[in-house]
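What follows is a single structure, written as structure tokens, with notes after it.
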Amino acid sequence: MTKDTLYNYTLHLADNALILAQRNSEWCGHGPVLEQDIAITNISLDLIGQARSLYQYAAEVFNKKEGREATEDSLAYLRDVREFKNCLLVEQPNGDWAQTILRQFFFSTYQYGLYQQLQQSTDATLAAIAEKSLKEVTYHVRWSSEWVIRLGDGTAESHDRLENALDELWMFTGELFTPAGYELDALKAGFGVELTALKAAWEQKVNEIFAEATLPDAASRAGVWMQTGGKEGVHSEQLGFILAELQYMQRAYPGAEW
Amino acid sequence: MTKDTLYNYTLHLADNALILAQRNSEWCGHGPVLEQDIAITNISLDLIGQARSLYQYAAEVFNKKEGREATEDSLAYLRDVREFKNCLLVEQPNGDWAQTILRQFFFSTYQYGLYQQLQQSTDATLAAIAEKSLKEVTYHVRWSSEWVIRLGDGTAESHDRLENALDELWMFTGELFTPAGYELDALKAGFGVELTALKAAWEQKVNEIFAEATLPDAASRAGVWMQTGGKEGVHSEQLGFILAELQYMQRAYPGAEW
Amino acid sequence: MSVQELEKIFLDKIEQEIKIEPKDWMPDAYRKTLVRQISQHAHSEIVGMLPEGNWISRAPSLKRKAILLAKVQDEAGHGLYLYSATETLGTTREQTIVDLHSGKAKYSSIFNYPTLTWADIGAIGWLVDGAAILNQVMLCRTSYGPYARAMVRICKEESFHQRQGFDILMALSKGTPEQRDMCQDAINRWWWPSLMMFGPHDSESTNSEQSTKWKIKRMSNDELRQKFVDMIAEQVKVLNMTLPDPNLKWNEQTSHYDFGEINWAEFWNVVKGNGPCNKQRLDARRKAWDEGAWVREAASVYAAKRKAREEKKEEKQIA
Amino acid sequence: MSVQELEKIFLDKIEQEIKIEPKDWMPDAYRKTLVRQISQHAHSEIVGMLPEGNWISRAPSLKRKAILLAKVQDEAGHGLYLYSATETLGTTREQTIVDLHSGKAKYSSIFNYPTLTWADIGAIGWLVDGAAILNQVMLCRTSYGPYARAMVRICKEESFHQRQGFDILMALSKGTPEQRDMCQDAINRWWWPSLMMFGPHDSESTNSEQSTKWKIKRMSNDELRQKFVDMIAEQVKVLNMTLPDPNLKWNEQTSHYDFGEINWAEFWNVVKGNGPCNKQRLDARRKAWDEGAWVREAASVYAAKRKAREEKKEEKQIA
């Protein structure tokens, strides 16, 4: 079972990175300020880089096991919606700048804790990818934190928009810390991460930044029901449309090299 | 050459109907009033019906010539953007209700004149499809005319929005009457329609409805440059995204029966 | 006449299976119950357009696209009939819609689940419409005339929809391995929510008793649910698929299928607003309504202008 | 010093190839020409992000997606350098952008053509960036210091982009028949517009003469164009593709390629605003700017708040 677990676990990490990169890249050429257009594109690029490393590794694991020819591109471009294992948060629409920022802040703060732990993974490849990515993620956390503060403590409008983004996104944060089957198995097998243990640090960071942003703390949303399902392939209706664009060329021209 | 001409000409008619149907169907479930949600969906359904008859005929023509197995679905779902022959008008975004209405009014008024002539086509199948469709199109013209009047002579806001729609769409009306190569060939071969001859009647109808809608007449836009290219496969950037959704399933599951 | 006398006439009619009509006297609670139930039913049709509408642009063949589009359109039509029935009880469509958007009025919770694959369109037709039909067939004989008549029209179309849904799944079940997986997966996801459509157990159902007395309802939730299970458990065999319930088993003694316990916590949670798509569905409806405001206003201003012009013309002709 | 003296110093510097710097005296017309040209160049980078950005979500492999994204990002960076160069001449970025949105300022007309297939991304890299580079290499030696220095940075990245574009087409040219068709089709559509990028014939070019005197430009439109044709006519052979010009032919006598006449009516028409995408491009830029207004405002209000707080803190510390 370990091979399957490793494959699924790695795909999950890769899908998170790819789908968020795809979402963020929708801003490229349409950002509110040129400098920020560049910044959000940078984050996209970092995430695509992570996704590529992870897909390559997943393909390696798969090919060893099945003797078939998976590649980073076959994994990204030739699985349908039920096979994608990303969490619901990353597939949510960009909305306005506040929503994009808050999504990034939530995700990067989670990814920071995750990769910190994953550095100690018994799987050397995952540990190496985590270590390499951590520097990028540290920057993503800082950049998005600064924007959360700026919008929260900026104008009345920016504050309202951030609160609205919170209403949209908070319900997708619980899934980050709710392990899917393969995450539990990965933990047992020794290469995964104890997700529930990451939650406290995540909330602390969120509260710290929210305080500066003059937003109510996480406890004020304790009653919100948390949506789950994405990690097990039960997504929102958004993902199908993301994939229709993402995968069009590979689907339309099967077997072609680009 | 006649077989190619007939094939291309029929595809062009089919593509027009399909792409406009696809656009209109985006309103289904999101219309401004329930009755109009139903009405615009009806028009979509009529257009899909026309598209199916035309694709079936195009497939028949193709298969006779090539001895291959084209079907209505292979023609609709397995050609890429440069092979689509619809005019630019029908692929334009829905925009607001005013833009959708005006697009429909321009197109249906054109289609009305076209199908009236096509009833006399020497090609019996095209003549029959035109005759059968004309009743539907007559209704589309009436419905969209009424809405143009209602919006133009409604509130200041609806009038402004209609004028804005005119700014968006007028530049795509010239192509309707600018024959593509296969249209000229079809005319020579006896089964096509003299497009330039349709223009006067179209403008008269537009002016008549615009007068009631308190909009300036067509002459006031005489200086506007007319965009062309769609009929020859040089589309706007819109069409690729339409096809990515439209064709996803057939591309992702090649050869499957639905 | 005194209220007591009026109430007696009303109850006699119910007793004798004479339909109650809009102009008849009726108890306030009867009117209220009906407004609540019919508008909830209307909203279900309208919100129900969204999950299926999600696949219109991606339907896998032109034929399926046309069928799906026509189906979703029928649902809009059903919404119209039902809003009209509500209006006969003195509640305008606008008010009813405002109540939906504010969250005061409910709609069937099943539409708070996402449609993830094309097979979901088949499963909705087969299971969701299948469950709806059982309820609706019963309502064709409901005591309030306009509601019963709306139901007769709706039932005809709805059974057509169910066959179309089954037909989609049938094609998948005969298809490639991927298609068969897609089919089974959709059945797995939609089965339990479909069972929940019949509402809580009779023992937990607060409104049922009075509704039954007034012959608004004529069968209990559990009776309808059992009928549904018996029907689907047979049909699923034709598809060569299974239902995701290890406890599903034919019971010789009862001549019914036994089946497992529903996850009522999930049911109530979704009713409360916590389903995967509750927010998305309401947001979509509100957006359509808000963005349509200027259109509705233009239409009504134009209608008034036109009426005024016509009256002026008539005055002139008279003068 | 009198204007005549200042002008003499200025012209001497130009003569001696000493760069003009922001604080130096310069003729108003020189400043104006530079502002017009640099801001037009900046806008071309920014508007140029749109046609390529159109394929980011659909890039056919992860590697190509990353390369494309990085390329479009580089263009944003080039825009920044150039807006900064304009600012050294006393025109703010905001004012420059307002002029773009009002239609007063221009950008390269090439970006008013649509990107219809993936091959267009290759063709833009190879042909459009290829044409741009020739111009930019020349501008690395332009007389205004900040502009010349911005160009040096840009040129490095741009030649990288051209190679990437060629690489995309190379992959297509070795691919399936559909890919080869796609490649040839893109070359056919982008070839003539690329030639137009160098501007009108020298005989028709109104600004050129003065710009050459001031050493803003150092080669004429036609000279640059010829250089481009000579370069591409060779490279296209490596792709096993053709250029869509029946008159293209090596001329032994001139040691250059002869080529057909450009459709100048089309050129001027697109400049005037009638290209396939002029409206779409400006609408997209305006939309991004308008929808970003609240973000920019929030950032500046926050910065002010923060500054005030820090000043207060400092005051306290001093007191």
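Naming convention: chains lettered A, B, ... in sequence-line order (proteins, then strands); numbering from 1 in each chain.
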Contacts of [range] with chain A (heavy atom under 4.5 Å):
range	answer
residues 234-247 of chain B	B:Phe241, B:Leu243, B:Ala244, B:Glu245, B:Gln247
residues 21-44 of chain B	none
residues 250-257 of chain B	B:Arg251, B:Ala252, B:Tyr253

Residues 91-100 of chain A: residues contacting chain B (heavy atom under 4.5 Å, by number):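 Contacts with chain B: none.
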Inspect the surroundings of CH2 in A:Trp225 and state if more than 12 heavy atoms from other residues, nucleotides or ligands are less than 6.0 Å away.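 Not buried by this count: 12 neighbours or fewer within 6.0 Å.
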